[in-house]
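In what follows, every chain begins at residue 1, and chains take the letters A, B, ... in the order their sequences are listed.
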Amino acid sequence: MTWRPRLPSEAVTRTLCVVAGFLAALVATGSRRMIAASAIEFSLVPPEAAGGTEQLASIEGRVTAPGPGQRIVLYARSGDWYVQPYANAPFTAIQGDGRWRSPTHLGTEYAAVLVDAEYRPPAKASTLPGIGGGVAAVAVTDGVPPWWKTGWFRLAGLVAAALAAFGLHRYRLQKLAHELDARSLERLTERTRIAQELYDTLLQGFLSASMQLHLAVDQLPEGSPDRARLDQALAVMGRATDEGRRVLHGLRCGNSDAERLESAFERLPQGLPSEAVGDYKVTVAGESRRLHPIIRDEVYRVGREAVMNAFRHAQARAVAVEIEYSPRGLRVAVRDDGRGIDSRVLASSREGDGGLSGMRRGAAGIGARLRIRSGSGVGTLVELSVPGSVAFQGPADGPRRLETGA
Amino acid sequence: MSASAAARIRVLSVDDHPLLREGISAMVKSQPDMELVAEASTGKEGIDRFREHQPDITLMDLRLPDMNGIEAMATIRAEFPEARVIILTTFEGDVEIQRALEAGARGYLLKSMPPKELLDGIRQVHAGKKRIPAEIVAHLAEHLSDETLTVREVEVLRQVAGGNRNRDIAEHLFISEETVKVHVKHVMDKLGASDRTEAVAIALRRGIIQL
């Protein structure tokens, strides 16, 4: 099975770190602000609300070492600051242990002001009173945000979204891997059927003909010239039978599936007229790995199209195919020194664009990324990357079992 | 060679391919010490013809339309333990050869052999000897130490070859998906395959499963 769970790649880890940092900052913004150095603390803060007269909630806190006669004046903010709980009852007493407590109307922010006994607070103000003139300390806090507005909730939401995206990505890769498995199995059974049919018709007929020819030859007198000629024909038939049997065997067992991508690319020019091929070379970086046969064929097809385009349409003199195996995946780049692809053609996706749309379709079908960069005078670079979880079969350097064919 | 009609080796040929039957027929008929008593193109027909003629030698192909040649041979041998059956086929996987020999084949001959060798093989088996060509023996020896698959594992592998996913296989065989996974893993280990497709390919080649 091709799918193997992988550790998140470095890029993913980095992205997650950045996201986490951003989220931590987000969480931190709900902090409380002290205006004076004197210590007023809130121990119970009402929820954040637009404000109004309908609803009351408790607000509680503590003052460390208040002066004699000092008391607390509370404000709730609803645009302006309004004294709490009522304009005609603006003071909250401090108990012996420094604690204070009062009902308050709701607001976006809440403030507690430590004032001297003679201080007369304004019932409404656009800004809070400053320190001095009877004001000993001011503390302001945000109302407690509803749970769906809290940083933790947002953090959880973002983490869930990130996990979902990661999960979806994994799911899609897994699905792709399953699809590829199914496709190569289908191909194997199809080939086996073809082999079976060829075996049933051609090979059996050939064997029968050979048997009968043998018998006829045996009737001829030893040393007759006819016999020598027929013996030769029989030898040819024998070789053809063996060859046919081997080919059928290969078809049936998908031996060709074991071919490496690089050897396929190295053999590419063999199928082209020699005058059409200029300087062509294939390089391999990283340890060659066995590819999923469907992936190998599709990558080869896309790469071949790029090579053909370079020689045929771009009049390239040199084409280099770079194959790179890395833990991350497979990368194949086809570089040429030709005259480049017209940018309008590059941008379009219609048919007759020199196989570009076919290449794009091919890449999309195997979950690969195709990048084409081209410019006049600099040639063309066609780059195809396939994630490792989809592309590779088996371990990187595991011993490959050689199957002895019959 | 002047053998009387009574001493001739009476041969039954079971092969579904008409052209090949023609070749075998021509070959056997060209021998004065042999006689082709009947031909059959299916396993069932082969069994019927055997009951009818009780030939000295039966040439049996492995691939028949209605059943495997090994099954047909086993049926014949259950009824006629003395029956001398030669498997005459093209090159098959080691497991199939093994099964054929275990089921009591007296010889294993290849259709691609020169007729002289085939006819000698028929005579040897008729004389009570066993006949297995050297290349077949060598092929068998190659896999001698390989672990054989259990019946269940073969069943699972057959399902895999049918394009079934683990979940489907679990449903078909009334076992859990985890058990299927374990079976698949064992199959891959035993066959030395790196994935499911390769396991199927090796199994097809070695004759462990047929399509």
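- Here H214(A) contributes atom NE2 and E117(B) contributes atom CD; the two are 9.0 Å apart, rounded to the nearest 0.5 Å.
- There is no contact between L234(A) and chain B, counting heavy-atom distances below 4.5 Å.
- With a 4.5 angstrom heavy-atom cutoff, L118(B) touches chain A only via side-chain atoms.
- The minimum heavy-atom distance linking T189(A) with A161(B) is given by the pair CG2-O, 3.6 Å.
- By the 4.5 Å heavy-atom criterion applied to side chains, E22(B) and Q212(A) are counted as neighbours.
- Shown here is K130(B), whose NZ atom has more than 12 heavy atoms of other residues, nucleotides or ligands within 6.0 Å.
- The line from NE2 of H178(A) to CG of N166(B) is 8.0 Å long, rounded to the nearest 0.5 Å.
- Distance check, rounded to the nearest 0.5 Å: CG of D218(A) to OG of S30(B) gives 8.0 Å.
- You'll find the side chain of Q204(A) reaches within 4.5 Å of the side chain of L20(B), heavy atoms only.
- Listed here is the closest heavy atom pair of M211(A) and K111(B): CE-O, 3.7 Å.
- Annotation: the span from S208(A) atom OG to M27(B) atom CE amounts to 10.0 Å, rounded to 0.5 Å.
- The local environment of CZ in R152(B) is crowded, with over 12 non-hydrogen atoms from other residues, nucleotides or ligands closer than 6.0 Å.
- Closest non-hydrogen pair, V200(B) versus L188(A), comes out as CG1-CD2, 3.5 Å.
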Verify side chain to side chain donor-acceptor pair (under 3.5 Å) between T197(B) and S184(A), making sure each step is shown before the conclusion. CA-CA 7 Å; T197(B) 310; S184(A) 53; 3.2 Å; yes

Requested in this report: May I have the step-by-step check of side chain to side chain contact (heavy atoms under 4.5 Å, CB included) for L207(A) and H17(B), ending in yes or no?
Outcome: CA-CA 11 Å; L207(A) 287 171; H17(B) 203 276; over 6 Å; no

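- In plain terms, the two heavy atoms of G163(B) and L185(A) that are nearest each other are CA-CD2, 3.7 Å.
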